[in-house]
Amino acid sequence: MAKKLQSIRGIHDGLPVEVSKWRKIEDVARKVFATHAVSEVRLPILEPTELFVRSVGEETDIVSKEMYAFEDQGGDNICLRPEGTAGAVRAYLQAGLTRAGAQRWFYMGPMFRRERPQKGRLRQFQQIGVEWFAVNGPVGDAEMLGMAQGFLDELGIEKVRLEINSLGCAACRPAYRETLVAYLHARAESLCATCNDRIEKNPMRVLDCKNESCQAQLTDAPEMVAHVCGDCETHFSGLKSGLDALGVRYEVNPRIVRGLDYYNRTAFEFVTDQLGAQGTVLAGGRYDGLVESLGGPATTAVGFAAGMERLAMLMPDDDKQGVDVVVVALGDGALPYSLQVASQLRATGIAVLHAGGGAAKKQFKFADREGALFVAVLGDNEVQQGVVALKNLATGEQQVCAIEQVASLLRVVKV
RNA sequence: GUGGACGUAGCUCAAUUGGUAGAGCCCCGGCUUGUGAUGCCGGUGGUUGUGGGUUCAAGUCCCAUCGUCCACCCCA
């Protein structure tokens with residue numbers, strides 16, 4: 001088959017319209033996170049496969065069927081990271097930071113999962129993640145959620161709501177799980193096929209089934225929040241009062257779950273109905289046991305990840321306005337001067353394109369097409385007087401001015 | 001991995017019960033060479049995703065394959 005050369009399924013190019021949004025998201029993230037003294041880390045995209053098997057969970061879909069994993073030329077089992085938390089914990093341990101006090105990290109970069117693509121779901125996608133190590137207590141959770149809310153606010157993303165839940169801990173979850181599984185087994189016949197699978201694999205996920213006939217069977221199902229131990233209860237109520245104090249609006253959704261094994265206690269999701277079936281924009285929770293299970297000392301941790309492409313879909317297309325001035329040279333005699341003018345204008349920090357000379361009409365069309373704010377018209381008259389004829393393309397006004405004045409005239413229009 | 005919809009020009013889409021592949025936009029050139037959005041004239045551009053099959057004849061029907069979209073699963 002004569003195959004067209006194209007990108008891999010579900011792996012898309014970042015063209016200028018997308019990248020300008022991504023950059024805005026990144027800029028806002030850096031700015032907001034900095035106010036919480038969160039530092040950027042840059043972690044490997046390739047990791048040992050074992051890392052995710054041990055942290056995310058061997059039975060999860062992500063590890064069991066969605067990882068791009070392979071053996072390299074040296075026989076090592078490596079993979080493209082499907083998520084960021086495991087690598088962050090690995091790096092935290094490898095750098096020997098377990099006695100260095102709290103670490104507050106963020107990262108952004110591509111993740112890979114071999115899923116069937118659909119709206120808001122890609123095989124290579126970008127996440128902005130935040131991980132706080134050795135930050136314990138509900139105040140940490142509340143502050144992280146306050147930061148996340150501030151991040152979304154700053155991006156102008158409004159149509160999201162925050163849902164929180166408690167997943168319990170090693171002390172109380174096993175007992176709850178047993179009562180839940182017993183409850184589910186009792187009515188397994190009236191639950192859908194996928195829910196029957198979930199009873200063993202991830203029983204809490206059954207409560208979150210989208211199938212209405214399942215939901216009808218589960219109205220009185222036992223929920224984790226009613227079965228948490230005293231410590232978890234204290235933590236959860238501390239989180240709620242912290243959110244109240246911060247003015248972060250939330251609702252308790254006793255049925256949200258984390259898909260990854262390492263979470264405990266706090267789970268949260270910022271969700272929207274604007275993204276089809278992919279409602280989760282930013283999600284995370286506490287994972288106090290993970291550092292220890294990867295070989296470190298018992299260390300509390302809390303984090304979240306946000307999908308960059310999903311965030312971008314919630315943002316308006318910003319009209320590109322890249323070009324400040326297009327330099328038009330009328331006649332070959334003006335060409336050298338026009339190049340010098342373009343260069344001098346650029347030295348003042350503004351975006352300048354040279355229209356290339358030739359017919360005036362053609363050059364103006366070029367300026368118009370580039371979305372330029374101004375045209376600097378340079379012909380024999382301007383060359384002789386050492387000035388520019390500056391035309392505002394929006395108003396049609398044209399005035400003669402010195403090269404040094406252009407930047408300030410531009411500033412007036414831009415504001 | 002499962003299910004559904006869809007692949008025609010760079011883009012958005014037409015094409016009767018199978019009967020010569022078109023339009024708009026974009027692009028390029030021109031409308032006497034110091035002034036651009038909307039004008040007029042002309043032009044480039046397609047092995048109809050790909051590969052088979054049925055037929056005198058396939059964009060149209062059948063099969064396969066690749067891809068896109070949507071949903072399930074799962075998740076950011």
Side-chain angles (χ1 to χ4, degrees), chain A residues 1-12 25 56 59-66 82-85 108-130 148 192-195 197-198 201-202 205 208-211 256-260 269-272 275-284 303-314 326 328-334 355 357-383 389-398:
Chain A
M1 194 182 78
K3 254 198 291 195
K4 264 185 252 172
L5 205 50
Q6 57 185 353
S7 69
I8 295 165
R9 178 176 211 183
I11 299 186
H12 294 181
I25 294 168
V56 176
E59 298 301 314
T60 60
D61 282 9
I62 288 177
V63 169
S64 65
K65 54 188 194 191
E66 294 174 3
E83 60 100 44
T85 300
M108 24 188 135
M111 307 293 167
F112 304 83
R113 293 179 200 171
R114 198 182 183 289
E115 300 182 275
R116 193 83 171 264
Q118 65 182 79
K119 188 181 183 72
R121 201 175 68 183
L122 299 166
R123 288 185 171 181
Q124 175 176 340
F125 59 102
Q126 300 177 87
Q127 280 189 340
I128 297 183
V130 175
C192 69
T194 47
C195 274
D197 287 342
R198 291 196 271 237
K201 276 178 65 181
N202 188 0
R205 179 68 179 75
D208 203 28
C209 183
K210 286 176 185 167
N211 194 325
I256 61 170
V257 197
R258 302 285 74 218
L260 282 47
E269 291 183 1
F270 285 88
V271 295
T272 178
L275 255 44
Q278 265 60 49
T280 305
V281 167
L282 185 155
F304 69 75
M308 186 112 80
E309 289 84 355
R310 290 185 186 178
L311 291 172
M313 282 192 283
L314 297 174
V326 163
V328 166
L330 300 173
D332 289 347
K361 182 164 251 173
K362 182 181 174 185
Q363 296 188 73
F364 271 84
K365 281 189 172 176
F366 171 81
D368 189 50
R369 181 174 183 152
E370 289 290 340
L373 268 31
F374 286 98
V375 167
V377 190
L378 305 173
D380 293 341
N381 296 341
E382 288 75 19
V383 172
L390 194 66
K391 178 167 185 175
N392 182 324
L393 283 181
T395 66
E397 292 167 14
Q398 185 167 318

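Just so you know, these numbers use all the heavy atoms, side chains as well, and skip hydrogens, waters and symmetry mates. Every chain is numbered from 1 and lettered A, B, ... according to where its sequence line falls, protein lines coming before strand lines.
- With both pairing distances under 3.5 Å, B/rG24 is matched to B/rC11 as a Watson-Crick or G-U wobble pair.
- For A/Glu382 and B/rG34, the CD to P distance is 12 Å, given to the nearest whole Å.
- Judged by closest nucleotide on RNA chain B, A/Gly331 is the one of A/Cys209 and A/Gly331 placed further toward the 5' end.
- Nucleotides B/rG18 and B/rG59 place their P atoms 13 Å apart, quoted to the nearest Å.
- Spacing between atom CZ of A/Phe125 and atom C1' of B/rC75 amounts to 8 Å, rounded to whole angstrom units.
- With rounding to whole Å, A/Lys119 atom NZ is found 13 Å from B/rA71 atom C1'.
- Counting non-hydrogen atoms under 4.0 angstrom, A/Ala305 reaches the backbone sugars and phosphates but no base.
- Distance A/Gln6 CD to B/rU65 C1': 13 Å, rounded to the nearest Å.
- A donor and an acceptor atom sit less than 3.5 Å apart, one in the side chain of A/Arg310 and one in the base of B/rC75.
- The separation between A/Lys210 atom NZ and B/rC73 atom C1' is 9 Å, rounded to whole Å.
- Across all strands, A/Ala394 comes closer than 4.0 Å to base atoms (heavy-atom distances).
- A gap of 10 Å separates the P atoms of B/rC25 and B/rU38, to the nearest Å.
- Across the C1' atoms, B/rA58 and B/rG53 are found 11 Å apart, a figure rounded to whole Å.
- No engagement by A/Gln363 is indicated, since no non-hydrogen atom pair under 4.0 Å with the nucleic acid exists.
- Across all strands shown, B/rG3 forms a Watson-Crick or G-U wobble pair, both distances under 3.5 Å, with B/rC70.
- Atom pair A/Arg123:CZ and B/rC74:C1' shows a separation of 14 Å (rounding to whole Å applied).
- Counting non-hydrogen atoms under 4.0 angstrom, A/Val375 reaches nothing in the nucleic acid.
- Between A/Pro117 and A/Arg123, the shortest heavy-atom contact is CD-NE, 4.3 Å.
- Annotation: B/rC62 and B/rU54 have their C1' atoms spaced 7 Å apart (nearest Å).
- Residue contacts shown for A/Gln398 include a base, since a base heavy atom lies under 4.0 Å away.
- If you take atom C1' in B/rG30 and the same atom in B/rC70, they sit 47 Å apart, rounded to whole Å.
- When rounded to the nearest whole Å, the span between CD of A/Gln118 and P of B/rC73 equals 10 Å.
- In this structure, A/Asp197 reaches neither bases nor backbone, as no heavy-atom distance under 4.0 Å exists between it and the strands shown.
- Comparing the C1' positions of B/rG34 and B/rU44 gives an interatomic distance of 31 Å, to the nearest angstrom.
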Can A/Gln118 and A/Gln278 be said to form a side-chain hydrogen bond (donor to acceptor under 3.5 Å, both in side chains), step by step?
-> CA-CA 9 Å; A/Gln118 65 182 79; A/Gln278 265 60 49; 3.0 Å; yes
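- With both ends at atom P, the span from B/rG45 to B/rG10 equals 11 Å, rounded to whole Å.
- Minimum interatomic distance between A/Gln398 and A/Ala389 (heavy atoms only, all atoms of both residues): NE2-CB, 3.6 Å.
- Following rounding to the nearest Å, A/Asn202 (CG) and B/rC75 (C1') show an atom-to-atom distance of 12 Å.
- Looking at heavy-atom distances under 4.0 Å, A/Gly276 makes contact with sugar-phosphate atoms alone, never a base.
- Contact annotation for A/Leu275: no contact, since no heavy-atom pair falls under 4.0 Å across all strands.
- Nucleic acid contact for A/Ala359: none, since no nucleic acid atom lies under 4.0 Å from a heavy atom of the residue.
- Taking atom P in both B/rA5 and B/rA76, one finds a spacing of 31 Å when rounded to whole Å.
- Each of B/rG36, B/rG1, B/rC72 was ranked by its minimum atom distance to the side chain of A/Arg114; first place goes to B/rG1.
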